[in-house]
Engineer: 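What follows is a single structure, and I will ask about it in a moment.
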Amino acid sequence: MVMDHRIRHGWTPDGGAAASVPPSAVNWLRERIGTSAPSAAVPPDSAIAVPPSTLGEAAAAALAGVVGAAHVLEDPRERLGRAGGLSYLDLLRRRSGKATAPDAVVLPADPDEVQRVLEVCVAHDVAVVPFGGGTSVVGGVAALRGPKHAVIALDLARLDQLVSVDPVSRIAVFGAGVRGPDAERLLGAHGFTLGHVPQSFERATIGGFAATRSAGQASSGYGRFEDMVTGVRLATPRGQWRLGVAPASAAGPDLRALAVGSEGTLGVLTEVAVRVRPVPEFRRYEGFFVDGWERGTELVRTLAQSGLLADVTRLSDPGETEVSLALNGGLKTKLLRRYLSARHVSVPCMLILGWEGLSRRRKETLVILREAGAVRIGRSLGESWRHGRFSGPRQRDALMDLGVCVETLETAAHWSALDELRDDVRAALTSALGTPVIMCHISHAYETGASLYFTVLAARDGDDPVRQWQRAKHAASEAIAGSLRPLGTITHHHAVGVDHAPYLEAEIGRVGVEVLRAAKSAVDPTGIMNPGKLLG
């Protein structure tokens with residue numbers, strides 16, 4: 001029995017615990033951004049008009065011959081469940097009944113079936129959208145058919161096995177459809193962990209992590225996902241492709257790196273080999289406050305360049321810190337404000353540090369924090385963040401119910417440009433949205449720079465909410481990519497998808513785009529793989 005992996009009208013799964021926004025938080029938010037008319041009721045699937053499938057009997061029969069008729073789904077509910085990702089715009093379209101659904105959902109059982117499905121799609125000229133957890137927020141799994149007459153969602157949910165574990169080399173091979181929590185459970189039985197925990201962890205898959213070059217919250221310790229990948233197996237329209245036979249190689253350019261981050265445009269990742277580590281016996285998450293953004297970023301830079309970053313290092317700017325304190329409210333928050341004020345923290349910026357395993361780095365880190373004037377709150381704040389770190393997407397569902405425009409975007413830049421980038425993006429969003437609440441934090445830090453993750457709340461435009469966010473995202477993207485020079489990357493970990501494709505050339509150059517197009521032409525000459533993504 002295949003688990004129901006469909007995406008409905010929000011992050012919260014059917015039967016899952018819905019988020020709620022306390023009345024005090026609703027009042028505070030309305031004072032800041034103004035009032036919005038509550039959203040209309042989320043329509044049931046039966047109320048959404050889904051056009052008839054254009055797959056055709058011959059193609060459907062050929063696909064059924066590969067995976068079995070029970071795993072070729074043309075029911076409108078099944079198609080709607082793979083009608084895109086989980087961006088704000090995706091959810092708006094679903095709520096308005098305007099989602100674009102694939103013509104069928106196909107669920108292969110193993111890599112060989114995936115390969116044979118692609119061969120059928122080449123023969124019948126059908127577009128293919130690989131579908132894992134469906135968590136893309138940049139249009140990466142939108143059911144676009146391009147010039148093809150039909151498009152299928154190739155759901156990898158049945159590729160959900162831990163294929164092998166090499167405890168000596170510390171390498172595990174997963175099927176691409178294994179979800180984050182299941183990967184940790186399966187590895188835990190062998191005493192290992194992957195340590196890759198992005199906010200999409202609950203839904204996202206191993207294949208999705210690799211296809212988008214995901215970055216987990218503990219990337220300072222475990223590395224980004226691309227750092228973990230030791231090998232991949234792809235099904236392509238031209239045949240099977242395996243990469244990664246040694247821990248390091250000088251056998252030409254690293255084609256494994258080309259496959260990782262290819263976003264389903266070159267083929268379908270069916271198996272991913274990853275480096276794993278022993279489950280840590282010790283985890284410690286702590287909270288601190290620093291006075292001001294500039295002092296906070298300087299502190300994180302010092303830690304990064306001294307090799308002393310905690311496994312999780314997250315610095316909130318004054319806006320995000322203010323929201324965190326305001327939404328918590330109550331006596332404890334008032335006492336905390338007084339405590340910080342008495343210690344000369346007039347512009348609080350919250351810093352969360354998490355250590356996975358015993359580390360001598362922590363003692364050295366605490367010395368630097370103390371010298372920088374950081375105020376240590378302790379484990380209660382750190383553990384509170386750790387236990388609530390997956391609540392954001394569910395809270396977005398609740399905020400959308402209240403009529404709030406709520407979305408995120410991210411980028412990264414070198415330390416010397418980080419403050420300018422933050423200021424420019426904030427200014428662009430404010431100009432486009434009027435009186436938004438804009439929160440920002442450093443989510444990942446490196447020796448040479450850091451990422452910036454923005455969360456935006458604004459009163460939703462009742463007339464054209466889609467266009468409202470498109471204007472804001474365009475303004476922010478122009479501030480990042482610019483018409484003259486990129487100030488930062490157009491995406492640090494959300495990937496390119498559809499949304500960022502117009503800005504890719506500004507970052508990698510015309511020659512770089514031509515190289516990617518040539519690679520796609522080599523493995524996908526008829527252009528069936530994920531049309532409209534990455535290269536537009």
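Reckoned from all heavy atoms, side chains included, excluding hydrogens, waters and symmetry mates. All values derive from a computational prediction rather than experimental measurement.
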Engineer: Scan for salt bridge (Lys or Arg N to Asp or Glu O under 4.0 Å) pairs involving residues 491-501, sequence neighbours excluded, and state none if there are none.
Structural biologist: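 As it turns out, there is no salt bridge (Lys or Arg N to Asp or Glu O under 4.0 Å) pair with a partner in residues 491-501 once direct neighbours are skipped.
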
Engineer: Show which side-chain atoms of residues 529-536 pair as donor or acceptor with protein atoms under 3.5 Å away, not counting sequence neighbours.
Structural biologist:
residue : atom : partner : partner atom : Å
N530    : OD1  : K533    : NZ           : 2.5
N530    : ND2  : G140    : O            : 3.2
N530    : ND2  : E263    : O            : 2.8
K533    : NZ   : A142    : O            : 2.8

Engineer: Would you confirm whether S219, through its side chain, and A215, through its main-chain N or O, come within 3.5 Å as a donor-acceptor pair?
Structural biologist: no

Engineer: Quick one: OG on S391 to CH2 on W385, what's the gap to the nearest 0.5 Å?
Structural biologist: 10.5 Å

Engineer: Taking all heavy atoms of A59 and all of V120, pick out the closest pair and write down the distance.
Structural biologist: O-CG1, 4.3 Å

Engineer: If the test is salt bridge (Lys or Arg N to Asp or Glu O under 4.0 Å), which one of D90, D103, D155 qualifies with R82?
Structural biologist: D155

Engineer: Y446: which residues meet the ring pair (Phe, Tyr, Trp, His ring centres under 6.0 Å) condition with it, sequence neighbours left out?
Structural biologist: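 Per chain and number, Y446 pairs via ring pair (Phe, Tyr, Trp, His ring centres under 6.0 Å) with H492.
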
Engineer: Using modelled atom types and a 3.5 Å cut-off, is there a donor and acceptor pairing between side-chain atoms of R256 and backbone atoms of T230?
Structural biologist: yes

Engineer: Salt bridge between R179 and E202, side-chain N to carboxylate O under 4.0 Å?
Structural biologist: no

Engineer: Can you tell me how far OG of S451 sits from NE2 of H441, rounded to the nearest 0.5 angstrom?
Structural biologist: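 Answer for the NE2-OG pair, H441 versus S451, is 7.0 Å.
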
Engineer: Would a 4.5 Å heavy-atom cut-off, applied to side chains only, mark R185 and D182 as touching?
Structural biologist: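 Yes, their side chains come closer than 4.5 Å.
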
Engineer: Are R79 and L73 packed together at the side-chain level, in the sense that at least one heavy-atom pair is separated by less than 4.5 angstrom?
Structural biologist: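 Result no, sub-4.5 Å side-chain heavy-atom pair not found.
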
Engineer: Might you work through the salt bridge (Lys or Arg N to Asp or Glu O under 4.0 Å) test for D401 and R95, ending with a clear yes or no?
Structural biologist: CA-CA 10 Å; D401 291 342; R95 287 168 177 245; 2.9 Å; yes

Engineer: Do R93 and T100 have side-chain atoms, one donor and one acceptor, less than 3.5 Å apart?
Structural biologist: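 T100 and R93 do not have a side-chain donor-acceptor pair below 3.5 Å.
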
Engineer: Within the 3.5 Å criterion, strictly below it, is a donor on T491 or E410 matched to an acceptor on the partner's side chain?
Structural biologist: yes

Engineer: Do the side chains of L402 and V26 get nearer than 4.5 Å, heavy atoms only?
Structural biologist: yes

Engineer: So, R389 and Q217: side-chain donor and acceptor under 3.5 Å apart, yes or no?
Structural biologist: yes

Engineer: Would you call V117 and I152 a side-chain contact if the rule is heavy atoms closer than 4.5 Å?
Structural biologist: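 Sidechains of I152 and V117: in contact.
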
Engineer: In Å, rounded to the nearest 0.5 Å, how long is the span from OH of Y222 to CG of D227?
Structural biologist: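 So the gap between those two atoms works out to 14.0 Å.
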
Engineer: In sequence, state the C-alpha distance, the side-chain angles, and the governing distance for Q240 and R233, and then conclude on side chain to side chain contact (heavy atoms under 4.5 Å, CB included).
Structural biologist: CA-CA 7 Å; Q240 296 270 2; R233 179 179 180 181; 3.3 Å; yes

Engineer: For R213 and V260, run side chain to side chain contact (heavy atoms under 4.5 Å, CB included): C-alpha distance rounded to whole Å, both residues' side-chain angles, the deciding distance at 0.1 Å, then the answer.
Structural biologist: CA-CA 6 Å; R213 296 175 68 185; V260 175; 3.9 Å; yes

Engineer: Could you check K473 against H500 for side-chain hydrogen bond (donor to acceptor under 3.5 Å, both in side chains), going step by step and ending with a plain yes or no?
Structural biologist: CA-CA 10 Å; K473 182 63 183 287; H500 296 146; 3.1 Å; yes

Engineer: Using salt bridge (Lys or Arg N to Asp or Glu O under 4.0 Å), reason through R158 and D110 one step at a time and then give a plain yes or no.
Structural biologist: CA-CA 7 Å; R158 297 172 70 201; D110 56 46; over 6 Å; no

Engineer: If you apply the rule side-chain hydrogen bond (donor to acceptor under 3.5 Å, both in side chains), what do you find for Q468 with R460, and how did you get there?
Structural biologist: CA-CA 8 Å; Q468 176 192 24; R460 185 187 303 160; over 6 Å; no

Engineer: Rounded at 0.5 Å granularity, tell me how far CH2 in W469 sits from SG in C405.
Structural biologist: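 The SG atom of C405 is 6.0 Å from CH2 of W469, to the nearest 0.5 Å.
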
Engineer: Just so I know, are the side chains of I33 and V437 near enough to count as touching, which here means a heavy-atom distance under 4.5 Å?
Structural biologist: yes

Engineer: Between T54 and R145, is a side-chain hydrogen bond (donor to acceptor under 3.5 Å, both in side chains) present by the stated rule, with each step listed?
Structural biologist: CA-CA 11 Å; T54 61; R145 67 185 66 197; 3.1 Å; yes

Engineer: Taking it one step at a time, do V151 and V126 satisfy side chain to side chain contact (heavy atoms under 4.5 Å, CB included)?
Structural biologist: CA-CA 6 Å; V151 56; V126 173; 5.6 Å; no

Engineer: Can you name the nearest heavy-atom pair linking L516 to I508, along with the distance?
Structural biologist: CD1-CD1, 3.8 Å

Engineer: For G239, is there any backbone N or O sitting under 3.5 Å from a side-chain donor or acceptor partner on T236?
Structural biologist: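 Answer holds: yes.
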
Engineer: Quick one: CG on L186 to CD1 on I206, what's the gap to the nearest 0.5 Å?
Structural biologist: 9.5 Å

Engineer: Determine, step by step, whether V268 and Q115 satisfy the side chain to side chain contact (heavy atoms under 4.5 Å, CB included) criterion, reporting the C-alpha distance in whole Å, the side-chain angles of both residues, the deciding distance to 0.1 Å, and the verdict.
Structural biologist: CA-CA 8 Å; V268 182; Q115 182 61 48; over 6 Å; no

Engineer: Is the F209 ring parallel, tilted or perpendicular to the F225 ring (thresholds 30°, 60°)?
Structural biologist: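 Correct class here is tilted.
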
Engineer: Between V163 and G175, which heavy-atom pair has the shortest distance, and what is it?
Structural biologist: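 Looks like CG2-N, 3.9 Å.
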
Engineer: Could you tell me whether a side-chain N or O of E113 sits under 3.5 Å from a main-chain N or O of V67, the two making a donor and an acceptor?
Structural biologist: no

Engineer: Can a side-chain donor-acceptor contact be found between T489 and T411 if the only test is distance below 3.5 angstrom?
Structural biologist: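 There is no such pair (donor and acceptor under 3.5 Å, judged by atom type) between the side chains of T411 and T489.
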
Engineer: Mark yes when over 12 heavy atoms from residues, nucleotides or ligands other than R238 sit less than 6.0 Å from its CZ; otherwise mark no.
Structural biologist: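 No, not enclosed.
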
Engineer: Please round to the nearest 0.5 Å and tell me the distance separating atom OG of S262 and atom CG of L269.
Structural biologist: 5.5 Å

Engineer: Is there a side-chain contact between I438 and T430 (heavy atoms, below 4.5 Å)?
Structural biologist: yes

Engineer: Side-chain contact test, heavy atoms from C-beta onward, threshold under 4.5 Å: evaluate it for Y453 versus H493 and give yes or no.
Structural biologist: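 With C-beta onward as the side chain, the pair touches.
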
Engineer: Taking C-beta and beyond as the side chain, do L409 and V425 meet within less than 4.5 Å on heavy atoms?
Structural biologist: yes

Engineer: May I ask you to decide if A427's main-chain N or O and S431's side chain share a donor-acceptor pair within less than 3.5 Å?
Structural biologist: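 No, the answer is negative, given that no donor and acceptor are paired below the 3.5 Å cut-off.
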
Engineer: Taking it one step at a time, do T408 and T455 satisfy side-chain hydrogen bond (donor to acceptor under 3.5 Å, both in side chains)?
Structural biologist: CA-CA 4 Å; T408 64; T455 302; 5.9 Å; no

Engineer: Just by distance, no angles: are the side chains of H444 and S220 close enough, under 3.5 Å, to form a donor-acceptor pair?
Structural biologist: no

Engineer: Any chance the side chains of T193 and E184 put a donor and an acceptor closer than 3.5 Å?
Structural biologist: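 There is such a pair (donor and acceptor under 3.5 Å, judged by atom type) between the side chains of T193 and E184.
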
